[in-house]
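Heads up, the thing below is written out as structure tokens.
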Amino acid sequence: MAQVVGIRFRNTGKTYYFNPDGKQIEVGTGVIVETAQGVEYGVTSVATKLIPEDQIVAPLKKILRVATQQDNKKLEENVEKEKKALDIAEKKAQAHNLDMKFVRVEYTFDCAKAVFYFTSDGRVDFRELVKELASTFRTRIELRQIGVRDETKLLGGLGPCGQPCCCSRFLGGFQPVSIKMAKEQGLSLNPTKISGLCGRLMCCLKYEQHHYEAAHKKMPPVNAEVKTPDGNGKIQEVNVLKETVKVTVTNGDQIELKEYNYKDVRVTKIPKQAKQKEEDTDAFKELED
């Protein structure tokens, strides 16, 4: 077993394990650590604990120290420097006639390196801009082009549910999301209803997909002919969450719509499903990109 502490940086991204060096560090504690990018300020997301050694990538780097008041003050100074650097970078990009939109600037804690995140519709030749920025800020400069999902992750905001965006709160990475998931979950296929702030399909479509897939496999499909406790009928609606089906049951001249648990009906015939023509294919494809 190995003693570890989980650290997150900038309140986004996944948790990285570090060696607490015998210290008991609680969740929410600021710490100074050395990373591949340089010395960084992080916040504890997982308190000191023991985990099997096969779950870590050795060797673990040690935490340099728990953040002091002086460290917290330096962090605030870095944030102010980042805001000024963002304004300067935007002006210099305009001066070079570069089609790029800067999203954020991040300094390492020791200011040995500055990363400039930007979006653009195409490739950008920013070699001259990098030289000018390095001359202005006198530190190592990295320009990193990101997509619309990453832009939302960095900027944050409130999703359609009213909660802060999942990507900026806890998601370590983006999972593939497709229109098929929205269909299987019985959601509206209106792009405005199932897209997030980034304009792409909402990440949360992935959360319960495994349940819907398992449920659809065991439950009969719509239009299947079934035998119920009240007679023969045809399934009109399937409720995956309640695990029920609505069936039109024919008794003589009367036709009734009744609801049953899917286990109380027995499928007698499954008709061939006609391939439905999808609408707004181009819009959906754009959402998935």
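Being a predicted model, the structure only gives us computed values, none of them experimental. We number each residue from 1, following the sequence as shown.
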I'd like to know if Leu197 and Ile194 are part of one continuous hydrophobic network [Ile/Leu/Val/Met/Phe/Trp/Tyr, side-chain heavy atoms within less than 4.5 Å]. no
Quick one: do the Asn190 and Thr192 side chains pair a donor with an acceptor below 3.5 Å? yes
State whether Arg104 and Glu106 are salt-bridged, where the test is any N-O pair (Lys NZ or Arg NE/NH1/NH2 against Asp/Glu carboxylate O) under 4.0 Å. yes
Can a donor-acceptor pair be found between the side chains of Gln236 and Thr248 at a distance below 3.5 Å?
-> yes
Aromatic ring pairing Tyr41/Phe109, orientation class (parallel under 30°, perpendicular over 60°, tilted between):
tilted
Point to revise | Ion pair check, Asp125 and Arg123, cut-off under 4.0 Å | key: no
OG1 of Thr108 to NZ of Lys113, rounded to nearest 0.5 Å, is 8.0 Å
Using a strict cut-off of less than 4.0 Å between a Lys/Arg side-chain nitrogen and an Asp/Glu carboxylate oxygen, indicate whether Lys73 and Glu76 qualify as a salt bridge. no
Determine all donor-acceptor pairs shorter than 3.5 Å in which one atom belongs to a side chain in residues 91-98; sequence neighbours excluded.
unit_1	atom_1	unit_2	atom_2	d
Lys92	NZ	Glu132	OE2	3.0
His96	NE2	Glu132	OE1	2.6

Would you say Lys74 has more than 12 foreign heavy atoms packed within less than 6.0 Å of its NZ? yes
Residues Glu243, Lys263: salt bridge by 4.0 Å N-O rule
no
Do the rings of Phe170 and Tyr207 sit parallel, tilted or perpendicular, given the 30° and 60° boundaries?
-> tilted
**Prompt:** Going by the angle between their ring planes, with limits at 30° and 60°, are Phe9 and Tyr16 parallel, tilted or perpendicular?
**Reply:** tilted
- Task: Decide whether Gln185 and Glu208 meet the rule of one side-chain donor and one side-chain acceptor closer than 3.5 Å.
- Result: no
May I ask you to decide if the ring planes of Phe118 and Phe126 are parallel, tilted or perpendicular, using 30° and 60° as cut-offs?
perpendicular
